[in-house]
K.L.:
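One structure, pasted below without further comment.
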Amino acid sequence: MGQTARAAYEELLTRYAESCDLSGASALLSWDQETLMPPRGAEARAKQLATLAGIQHERWSAPQVGELLQECESDSGEFNDEEAAATREMRREYDMSTRLPASLVQEFAAATSAALQVWREAREASDFTRFVPSLQKLIDLSKRKAEAYGYEEAPLDALLDLYERGATTSAIRTLFGELKGKLQALTARVLDKGDAVSPALLQSDFDEDRQGELGVDVIRQMGFNFDAGRVDLSTHPFCTTPGAGDTRLTRRFLKEDLRPGLFGVIHEAGHGLYEQGMPEKWVRHPLGTATSLGVHESQSRLWENIVARSLPFWEYFLPALQKYFPAQYRDATPEAVYQAVNHVEASFIRVEADELTYNLHVILRFEIESEIFSGQLDVADIPARWNRGMKDFLGITPPDDAQGCLQDIHWAMGGFGYFPTYTLGNLYSAQLFQCAQQALPDLDHEFRQGKFDSLREWLRTEVHQKGRMLEPVALIKSATKAEPTPEPFLRYVEEKMDEVYGLSTS
Ligand code: ZN
């Protein structure tokens with residue numbers, strides 16, 4: 001490596017580390033906003049966050065950063081893999097922050113904050129027509145964003161790439177197309193069984209402190225490190241890492257249902273293990289972060305669904321459940337809990353959907369987004385399109401738009417292209433777990449004894465320790481020796497439904 005390229009690279013790393021400090025400070029302010037801040041702090045906090053974001057953007061989009069990147073790239077012949085990958089990531093972030101004109105960024109920020117307000121009112125009144133002008137405006141601005149970022153085939157590609165880089169409309173359409181027909185058929189067979197499985201065992205009166213202690217027991221056993229993390233309450237659960245050694249989860253409880261509190265915190269701890277598993281050498285470094293939202297979600301779903309909704313898991317954890325809630329679980333069996341946590345139901349709300357039907361909710365949103373961005377669907381026709389999709393996929397029709405196309409915040413925030421990452425996460429999780437099982441044939445036996453370390457270490461080696469070295473598809477290929485495919489998920493969910501609902505014996 002030439003002297004100037006080496007010096008330029010080192011200078012970029014220094015600037016990048018400062019950029020990480022600024023985003024870490026923003027993350028901490030946001031965490032505080034969601035957990036501890038009193039309501040009247042909101043206005044000042046919004047300004048603080050905007051100021052920090054502005055400083056960070058200004059510093060990283062400065063012309064000198066572009067020049068330093070060019071120096072690296074013009075003489076990168078002797079860069080090793082790590083340096084080449086770090087340069088690639090810094091280039092990507094630089095391009096992302098310089099391609100949008102400042103006027104468009106401001107217009108978009110103003111439009112989303114106005115749209116959020118209108119969306120809340122429209123959802124409250126369950127009146128989609130009220131939301132149409134704001135949504136139309138965000139779609140128009142998003143199309144301009146797509147043009148500014150650039151794309152090869154479809155404008156939506158540019159937006160998908162923001163959340164899952166490399167993702168394209170056509171690749172996702174193929175993947176989801178294979179998934180859709182089989183999921184629909186399986187869902188129909190399960191729903192045919194009607195009330196064969198009931199969630200009643202999880203619906204009672206559960207003291208919230210005890211729910212909290214149970215959740216902490218479970219995630220400690222999973223390996224979440226409380227010397228490098230904590231758990232607090234918030235309305236919408238999330239996971240954030242303001243800095244190395246500081247990964248924070250949040251959760252919420254429902255007194256009458258064990259599921260949101262317990263599976264919610266397991267989900268967030270799955271994200272947390274990914275963050276805690278980043279290599280120490282990449283602290284404040286371009287490679288020391290998750291490679292994509294889809295891969296992040298694969299970690300949370302793997303623990304939440306594949307591990308914590310398995311029979312061996314409940315063979316181990318039933319005594320803990322009985323310790324905290326003796327009245328409810330004194331006579332319960334692991335099999336009964338296993339059945340109840342895998343109950344399937346056709347429901348209107350995505351975030352409440354079970355493991356089987358969840359992906360159909362996502363596929364519907366992706367289909368609508370791609371029809372809108374290709375000009376096949378008018379904004380005003382979204383409710384009819386939505387309801388037709390729900391009828392087709394799940395056999396139900398939302399009674400109103402609040403329980404239909406107005407339920408999610410994503411579009412009101414201009415987050416078109418975000419939804420597919422949820423289903424990609426589910427598909428990746430099954431593909432990764434299948435490989436982990438092949439490498440570690442005793443996993444079921446270990447889970448029954450409360451041992452989760454060999455699975456966690458496998459994920460650490462194959463996924464967490466890679467940071468952003470590999471892009472998402474390359475990471476899945478390196479860990480599983482195969483292209484992303486829906487097959488492992490379909491096989492997994494079919495086997496489970498067969499076991500829980502006794503499909504083959506019908
Ligand atoms: Zn998640």
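Every number for a ligand or one of its atoms is a count from 1 in the order of the listing.
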K.L.:
Which word best sums up how the rings of Trp60 and Tyr16 line up, parallel for under 30°, tilted for 30 to 60°, or perpendicular for over 60°?
P.N.:
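Aromatic pair Trp60/Tyr16 classed perpendicular.
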K.L.:
Looking at Glu297, pick out the N, O or S atom nearest to the Zn ion (ligand 1) and give its name.
P.N.:
OE1
K.L.:
Report yes or no: does His267 have an N/O/S atom closer than 2.8 Å to the Zn ion (ligand 1)?
P.N.:
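Checking the Zn ion (ligand 1) against His267, an N, O or S atom does fall under 2.8 Å.
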K.L.:
Would you say the Zn ion (ligand 1) has His296 as a near neighbour, meaning an N/O/S atom of that residue under 2.8 Å away?
P.N.:
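For His296, the answer is no, given that no N, O or S atom comes within less than 2.8 Å of the Zn ion (ligand 1).
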K.L.:
Please report the interatomic distance CZ(Phe176) to CG(Leu424), rounded to the nearest 0.5 Å.
P.N.:
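Atom-to-atom, Phe176:CZ and Leu424:CG are 5.0 Å apart.
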K.L.:
Under 2.8 Å from the Zn ion (ligand 1) - does any N, O or S atom of Glu268 fall there?
P.N.:
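No.
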K.L.:
Parallel, tilted or perpendicular: which describes the rings of Tyr418 and Tyr422, with under 30° parallel and over 60° perpendicular?
P.N.:
tilted
K.L.:
Parallel, tilted or perpendicular for Phe325 and Tyr329, by the 30°/60° rule?
P.N.:
perpendicular
